[in-house]
K.L.:
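Dropping the structure in here first, questions after.
Not measured: the values here are computed from a predicted model. Any value given below was found using the heavy atoms of this structure, including those in side chains, with hydrogens, waters and symmetry copies removed.
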Amino acid sequence: MQERKTIYLCLAHMSEEGLEQKYVKEAFDTNWVVPLGPNVNGFEEDLKQFVNDGVADGQREVVALSAGTAAVHLALKACGVGQGDEVIVQSFTFCASSHPITYLGATPVFVDSEPETWNMDPVLLEKAIVDRKEKTGKYPKAIVPVALYGMPYDCERIMAIADKYGIPVVEDAAEGFGSRFKGQILGTFGRFGVLSFNGNKMITTSGGGALICRDAGEKNNIMWYATQARDAYPYYQHTAIGYNYRMSNVCAGIGRGQMTVANAHIAHHKHVQALYKDLLKDVAGVTLHEAPNVDYDSNYWLCTLTLDPNLKIKGQEFAYKEVIKTAVGGAAGVIHAVDCPTTDCQPNENVEALRVFMLSKKVEARPVWKPMHKQPVYQDAPSYLNGVSEAVFKVGMCVPAGPYVTDDDVRYIVDCIKEAIVR
């Protein structure tokens, strides 16, 4: 009997025509393997056409960068964020949304989620803005909502609040490539929009990201900072601190090929979500997370579900009994050793038991992101909470949804979930 493959959460998938190889080969054939080059220009133009579909208030520009994290960093810098400032950011997210705030000497102010989308709660957002003004004498310098697992945030209400107080919005759409709110692509509502092309994203350049800008002037300013901020002299002179953040011509070649399958990838993820919905509808205690209404057009980068706390899973009695010794769930092979297998905020034992059970079946499943306000590194940061993100973290789990995940894989995954449940 053939050994079953491991089913990963989300892996990149090359175009059928192999265009990625064509563009990469051109980069090597022309010896143009450094940052900048024809592929970078072509990739930026492809992205520009993609993100402007459905935009009615002017064409956006796009800058290709070395990472989505770099895009967050440069966007915040362009918003004037500096030493001693505060930036409001969604707590329920990956650390790349908040770490760049600290790069600039500013303080993240974490805002909890609304229960429908798991994204930034507009009511808490406004409360945080008003309270920070009362406490510090000034408004936060920027607002960073996040498209968690591809799900759109409430762009309408968040932008209205941001406009009311004159605060720029940096949309973190790293997980939301191609997701839309009322027909408009995420990343085109605020002053800036962040995209990621990491190896597990909707499309990939192996590593990389991009920043959506409002106009050519903003784009040129971002490009200047991304290329070490050099002044126009025949020698190197710098009047500002810049960064080496531009995407390479080789990586951009991969991106150009990936753009030919971007819409197909998005359609596949939506199809997988629909199949999970159908197959899980009668599984008591397991709830698939879905968009609240038709205004929220998620790419379903990862499909997520929640487990009823009373649901019993095989092996649950052994959960959190041993310290993990190796990297788990995409930790890039490097982790910091710990002495205790538990923390003061962790998924329920049935969630951890299901993760371990699925791993034994060669299926990668992970807990959802641990809220940033519960991370030790941010223990002193201000936060405005309603309990939603912590509650979802305790019961939430991500299941595979990438382009390599077939219908048979989804059926197998659901069968494994059913097998793991103790009735």
K.L.:
Evaluate Val89 against Val109 for side chain to side chain contact (heavy atoms under 4.5 Å, CB included), listing each step before the verdict.
P.N.:
CA-CA 6 Å; Val89 59; Val109 176; over 6 Å; no
K.L.:
Can a salt bridge be assigned to the pair Glu156 and Lys182 using a cut-off of 4.0 Å between side-chain N and carboxylate O?
P.N.:
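Counted as a salt bridge, because a side-chain N and a carboxylate O are separated by less than 4.0 Å.
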K.L.:
Is it true that the side chains of Asp121 and Ser113 contain a donor and an acceptor less than 3.5 Å apart?
P.N.:
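There is no such pair between these side chains.
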K.L.:
Would you call Glu86 and Lys141 a salt bridge, using N to O less than 4.0 angstrom?
P.N.:
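A salt bridge is absent here (no side-chain N lies under 4.0 Å from a carboxylate O).
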K.L.:
Will you find, in the side chains of Tyr165 and Glu126, an N or O donor that is under 3.5 Å from an N or O acceptor?
P.N.:
yes
K.L.:
Indicate, with yes or no, if the rings of His73 and Tyr245 have centres closer together than 6.0 Å.
P.N.:
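Yes, they do, as the ring centres are separated by less than 6.0 Å.
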K.L.:
Just by distance, do the side chain of Trp118 and the backbone of Val392 share a donor-acceptor pair under 3.5 Å?
P.N.:
no
K.L.:
For a quick check under 3.5 Å, do Asp172 and Ser97 share a side-chain donor-acceptor pair by atom type?
P.N.:
yes
K.L.:
Just checking, is any N or O donor in the side chain of His373 or Glu390 under 3.5 Å from an acceptor N or O on the other one?
P.N.:
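A donor-acceptor contact under 3.5 Å links the two side chains.
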K.L.:
Contact between Leu307 and Leu354 at the side-chain level, heavy atoms closer than 4.5 Å - yes or no?
P.N.:
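They are in side-chain contact.
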K.L.:
Can we call the ring centroids of Phe177 and Phe50 under 6.0 Å apart?
P.N.:
yes
K.L.:
Would you say Asn39 and Arg256 are linked by a side-chain donor-acceptor pair, where the criterion is simply a distance under 3.5 Å?
P.N.:
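Yes, Asn39 and Arg256 have a side-chain donor paired with an acceptor closer than 3.5 Å.
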K.L.:
Taking atom OH as the centre, does Tyr8 end up with more than 12 heavy-atom neighbours from other residues, nucleotides or ligands that are less than 6.0 angstrom away?
P.N.:
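12 or below, so no.
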K.L.:
Can any side-chain N or O of Glu171 pair as donor or acceptor with the backbone N or O of Phe189 at less than 3.5 Å?
P.N.:
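Yes; judged by distance alone, with no hydrogens or angles, the pair exists.
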K.L.:
For Val323 and Val338, what are the C-alpha separation, side-chain angles and deciding distance, and is it a side chain to side chain contact (heavy atoms under 4.5 Å, CB included)?
P.N.:
CA-CA 7 Å; Val323 172; Val338 296; 3.8 Å; yes
K.L.:
Rounded to the nearest 0.5 Å, what separates atom CH2 in Trp301 from atom OG in Ser196?
P.N.:
8.0 Å
K.L.:
Can you name the nearest heavy-atom pair linking Ala71 to Val194, along with the distance?
P.N.:
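In terms of heavy atoms, the two residues are closest at CB-CG1, 3.9 Å.
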K.L.:
Could you grab the distance from atom SG of Cys213 to atom CD of Gln59, nearest 0.5 Å is fine?
P.N.:
13.5 Å
K.L.:
Would a distance-only check, ignoring hydrogens and angles, find a side-chain to backbone donor-acceptor pair under 3.5 Å from Asp85 to Val81?
P.N.:
no
K.L.:
Does the pair Asp131/Lys127 count as a salt bridge with the N-to-O cut at 4.0 Å?
P.N.:
no
K.L.:
Given side chains that start at C-beta, do those of Ile254 and Gln258 come closer than 4.5 Å, heavy atoms only?
P.N.:
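Yes, their side chains come closer than 4.5 Å.
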K.L.:
I want to check something: taking the side chain as every heavy atom from C-beta on, are Asn119 and Phe92 in contact at a cut-off of under 4.5 Å?
P.N.:
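Not in contact.
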K.L.:
Between Asp409 and Lys5, does any NZ, NE, NH1 or NH2 come within less than 4.0 Å of an OD or OE carboxylate oxygen?
P.N.:
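Judged by the 4.0 Å cut-off on N to carboxylate O distance, Lys5 and Asp409 do form a salt bridge.
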K.L.:
Main chain of Asn200, side chain of Asn198: is a donor-acceptor contact present, judged purely on distance under 3.5 Å?
P.N.:
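No, because the side chain of Asn198 does not come within donor-acceptor range (under 3.5 Å) of the backbone of Asn200.
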K.L.:
Measuring from atom OH of Tyr153 to atom OH of Tyr296, what distance do you get when rounded to the nearest 0.5 angstrom?
P.N.:
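Result: 11.5 Å between the selected atoms.
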K.L.:
Side chains of Trp369 and Gln90: any donor to acceptor distance under 3.5 Å?
P.N.:
no
K.L.:
Is it true that, when you exclude Lys362 itself, more than 12 heavy atoms of the residues, nucleotides or ligands shown sit nearer than 6.0 Å to its NZ?
P.N.:
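Enclosed.
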K.L.:
Taking only Lys NZ, Arg NE, NH1 and NH2, and the carboxylate oxygens of Asp or Glu, determine whether Glu44 and Arg246 approach each other closer than 4.0 Å.
P.N.:
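Judged by the 4.0 Å cut-off on N to carboxylate O distance, Glu44 and Arg246 do form a salt bridge.
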K.L.:
Please tell me whether His99 and Tyr378 have a donor and an acceptor in their side chains that are separated by less than 3.5 angstrom.
P.N.:
yes
K.L.:
So Met159 and Val169, side chain to side chain contact (heavy atoms under 4.5 Å, CB included) or not? Walk me through it.
P.N.:
CA-CA 7 Å; Met159 289 305 305; Val169 172; 3.7 Å; yes
K.L.:
Please report the shortest heavy-atom distance between Cys345 and Phe393, naming the atom on each side.
P.N.:
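Looks like O-CE2, 3.4 Å.
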K.L.:
With the side chain counted from C-beta on, respond yes when Phe181 and Asp297 share a heavy-atom pair under 4.5 Å apart, and no when they do not.
P.N.:
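Not touching, per the 4.5 Å side-chain cut-off.
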K.L.:
Taking Tyr225 as the fixed residue, which of Ile241, Leu74, Val63 is the one that meets the side chain to side chain contact (heavy atoms under 4.5 Å, CB included) rule?
P.N.:
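Among Ile241, Leu74, Val63, the one that satisfies the side chain to side chain contact (heavy atoms under 4.5 Å, CB included) with Tyr225 is Leu74.
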K.L.:
Does the Gln273 side chain pair with the main chain of His289, one donor and one acceptor, at a distance under 3.5 Å?
P.N.:
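Side chain of Gln273 to backbone of His289, a donor-acceptor pair under 3.5 Å: yes, one is there.
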K.L.:
Are Val146 and Met120 packed together at the side-chain level, in the sense that at least one heavy-atom pair is separated by less than 4.5 angstrom?
P.N.:
no
K.L.:
To the closest 0.5 Å, what do you measure between CD1 (Ile417) and CG (Leu280)?
P.N.:
5.5 Å
K.L.:
Within the structure provided, determine whether His269 and Cys10 are in side-chain contact (heavy-atom separation under 4.5 Å).
P.N.:
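With C-beta onward as the side chain, the pair touches.
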K.L.:
Do any N or O atoms from the side chain of Asn348 and from the backbone of Val351 form a donor-acceptor pair under 3.5 angstrom?
P.N.:
no
K.L.:
Take a 6.0 Å sphere around CD of Glu322 and say whether it holds more than 12 heavy atoms from other residues, nucleotides or ligands.
P.N.:
no
K.L.:
Is there a donor-acceptor pair under 3.5 Å between the side chain of Lys281 and the backbone N or O of Asp278?
P.N.:
yes
K.L.:
Indicate yes or no for a side-chain donor-acceptor contact from Thr287 to the backbone of Thr306 under 3.5 Å, with no hydrogens or angles considered.
P.N.:
no
K.L.:
Hey, are Tyr384 and Arg132 close enough side-chain-wise for a donor-acceptor pair under 3.5 Å?
P.N.:
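Judged by distance alone, the side chains do pair up.
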K.L.:
Give a yes or no on whether a salt bridge exists between Arg191 and Asp215, defined as a side-chain N under 4.0 angstrom from a carboxylate O.
P.N.:
no
K.L.:
Testing the 3.5 Å rule here: is there a donor-acceptor pair between the side chains of His265 and Asn299?
P.N.:
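Not at all, the side chains of His265 and Asn299 share no donor-acceptor pair under 3.5 Å.
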K.L.:
So do Phe110 and Ile88 actually touch side chain to side chain, heavy atoms under 4.5 Å?
P.N.:
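Counting from C-beta outward, Ile88 and Phe110 never come under 4.5 Å.
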K.L.:
Of all heavy-atom pairs between Cys251 and Thr205, which one has the smallest distance, and what is that distance?
P.N.:
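Heavy-atom minimum between the residues: O-CB, 3.4 Å.
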K.L.:
CD1 of Ile203 to CZ of Phe43: how many Å apart, nearest 0.5 Å?
P.N.:
4.5 Å
K.L.:
Verify, without hydrogens or angle tests, whether Glu349 (side chain) and Ala353 (backbone) share a donor-acceptor contact under 3.5 angstrom.
P.N.:
no
K.L.:
When you check the side-chain N and O atoms of Thr117 and Glu114, is any donor under 3.5 Å from an acceptor?
P.N.:
yes
K.L.:
Quick one, Val87 with Ile143, criterion side chain to side chain contact (heavy atoms under 4.5 Å, CB included). Give me CA distance, side-chain angles, the key distance, then yes/no.
P.N.:
CA-CA 6 Å; Val87 174; Ile143 299 167; over 6 Å; no
K.L.:
Can you find a pair of side-chain heavy atoms, one from Lys22 and one from Lys25, that are under 4.5 Å apart?
P.N.:
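No, their side chains stay 4.5 Å or more apart.
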K.L.:
Students often mix this up, so state it plainly: with edges at 30° and 60°, are the rings of His271 and His268 parallel, tilted or perpendicular?
P.N.:
tilted
K.L.:
Short question: side chain of Asp112, backbone of Asn386 - any donor-acceptor pair under 3.5 Å?
P.N.:
yes
K.L.:
Which heavy atom of Gly199 sits nearest a heavy atom of Thr204, and at what distance?
P.N.:
CA-OG1, 3.3 Å
K.L.:
Which value, rounded to the nearest 0.5 Å, describes the distance between Thr304 atom OG1 and Tyr149 atom OH?
P.N.:
7.5 Å
K.L.:
Taking Arg366 first and then Glu364, would you say they form a salt bridge - that is, a charged N and a carboxylate O separated by under 4.0 Å?
P.N.:
yes
K.L.:
So which heavy atom on Cys416 is nearest to which on Met358, and how close?
P.N.:
CB-SD, 3.7 Å
K.L.:
Identify the heavy atoms of Lys48 and Arg60 that sit nearest to each other, and give their distance.
P.N.:
CG-O, 3.4 Å
